[in-house]
Amino acid sequence: QVQLVESGGGLVQAGGSLRLSCEASGTIVSVNAMGWYRQAPGKQRELVATISSGSRINYADSVKGRFTISRDNAKNAVTLQMNSLKPEDTAVYYCNANLRRNYYTRSRDYWGQGTQVTVSS
């Protein structure tokens, strides 16, 4: 069984910072891309940032220059540092990992349970 456990959400004023962390645990052979997505009320889930196993990074235009994604391959962990937060960043943030559990199955996406980020104006 694979689990993605997230931490670090909360309530912050506009202009503040939060740090989200996620660690994948269980039987894992390899981890490809990891990333963060978010879903605001009434909206579709959208990409925030992803980082490949080779550390190639992709950010949504709306967070470029404010958010920083990083990963620790030894811990199968990914972190999202969020600075200069805006009310429009309010959403449930989900950790994602594309990983392989064993040599008999293909890689697939796994998701965390989600963590709430609320930015007040």
Side-chain angles (χ1 to χ4, degrees):
Q1 191 76 1
V2 172
Q3 280 191 312
L4 270 59
V5 179
E6 302 151 342
S7 61
L11 172 64
V12 66
Q13 288 189 329
S17 298
L18 283 174
R19 185 180 180 90
L20 304 182
S21 298
C22 171
E23 186 166 332
S25 63
T27 303
I28 298 170
V29 171
S30 61
V31 181
N32 301 314
M34 302 187 78
W36 292 92
Y37 293 71
R38 67 186 181 188
Q39 187 167 18
K43 295 187 177 181
Q44 289 189 331
R45 189 174 298 188
E46 64 177 6
L47 179 148
V48 176
T50 60
I51 181 167
S52 72
S53 57
S55 296
R56 177 178 294 182
I57 291 172
N58 181 42
Y59 292 107
D61 288 342
S62 59
V63 307
K64 283 181 181 176
R66 300 188 298 122
F67 291 10
T68 302
I69 190 170
S70 60
R71 66 188 281 172
D72 182 338
N73 290 330
K75 295 181 178 180
N76 293 329
V78 63
T79 298
L80 185 69
Q81 177 65 43
M82 305 185 293
N83 298 328
S84 302
L85 283 160
K86 305 175 181 179
E88 51 263 44
D89 293 318
T90 295
V92 176
Y93 284 68
Y94 296 91
C95 174
N96 170 270
N98 183 274
L99 61 84
R100 192 176 186 184
R101 293 184 56 193
N102 55 57
Y103 293 107
Y104 306 104
T105 59
R106 294 182 177 181
S107 300
R108 73 169 184 90
D109 284 335
Y110 290 82
W111 295 88
Q113 78 282 1
T115 185
Q116 178 71 46
V117 171
T118 303
V119 184
S120 63
S121 57

Can you measure from [atom1] ([X]) to [atom2] ([Y]) and round to the nearest 0.5 angstrom?
{"X": "Arg56", "Y": "Ile51", "atom1": "CZ", "atom2": "CD1", "result": "11.5 Å"}
{"X": "Ser30", "Y": "Arg101", "atom1": "OG", "atom2": "CZ", "result": "12.5 Å"}
{"X": "Ser84", "Y": "Arg66", "atom1": "OG", "atom2": "CZ", "result": "7.0 Å"}
{"X": "Leu18", "Y": "Asp89", "atom1": "CG", "atom2": "CG", "result": "10.0 Å"}
{"X": "Asn83", "Y": "Thr68", "atom1": "CG", "atom2": "OG1", "result": "6.5 Å"}

Whether the [X] and [Y] side chains hold a donor-acceptor pair (N or O, under 3.5 Å, no angle test) is what I'd like checked.
{"X": "Glu88", "Y": "Thr90", "answer": "no"}
{"X": "Ser107", "Y": "Asn32", "answer": "yes"}
{"X": "Arg71", "Y": "Asn73", "answer": "yes"}

task: Kindly check if the number of other-residue, nucleotide or ligand heavy atoms within 6.0 Å of CD (Gln3) is above 12?
output: no
- prompt: What residues, two or more places apart in sequence or in another chain, satisfy side-chain hydrogen bond (donor to acceptor under 3.5 Å, both in side chains) together with Glu46?
  reply: Arg38
Minimum heavy-atom distance [X]-[Y], with the two atoms named:
{"X": "Ala40", "Y": "Ala91", "result": "N-CB, 3.8 Å"}
{"X": "Gly35", "Y": "Ile69", "result": "CA-CD1, 4.0 Å"}
{"X": "Lys43", "Y": "Gln39", "result": "O-NE2, 3.1 Å"}

Decide whether [X] and [Y] are clustered together by the hydrophobic rule: side chain heavy atoms of Ile, Leu, Val, Met, Phe, Trp, Tyr closer than 4.5 Å, transitively.
{"X": "Leu80", "Y": "Tyr110", "result": "yes"}
{"X": "Met34", "Y": "Tyr94", "result": "no"}
{"X": "Val117", "Y": "Val63", "result": "yes"}
{"X": "Val92", "Y": "Leu85", "result": "no"}

Qualifying ring pair (Phe, Tyr, Trp, His ring centres under 6.0 Å) pairs, either residue in [range], two or more places apart:
{"range": "residues 73-93", "answer": "none"}
{"range": "residues 11-46", "answer": "Tyr37-Trp111"}
{"range": "residues 46-72", "answer": "none"}

Main chain of [Y], side chain of [X]: is a donor-acceptor contact present, judged purely on distance under 3.5 Å?
{"X": "Glu6", "Y": "Cys95", "value": "yes"}
{"X": "Glu23", "Y": "Val5", "value": "no"}
{"X": "Arg19", "Y": "Gln81", "value": "no"}

Taking the side chain as every heavy atom from C-beta outward, state whether [X] and [Y] have any pair of such atoms under 4.5 Å apart.
{"X": "Thr79", "Y": "Leu20", "result": "no"}
{"X": "Leu47", "Y": "Asn58", "result": "yes"}
{"X": "Thr27", "Y": "Val2", "result": "no"}
{"X": "Asn98", "Y": "Val31", "result": "no"}

message: So, using salt bridge (charged side-chain N to carboxylate O under 4.0 Å, His left out) as the criterion, who are the partners of Lys64 when residues are at least two apart?
response: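 Testing Lys64 for salt bridge (charged side-chain N to carboxylate O under 4.0 Å, His left out), a comparison that skips the adjacent residues, returns Asp61.
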query: For Val29, what are the other residues in its hydrophobic cluster, where any two members join if their side-chain heavy atoms are less than 4.5 angstrom apart?
result: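 Joined to Val29, directly or through intermediates: Tyr103.
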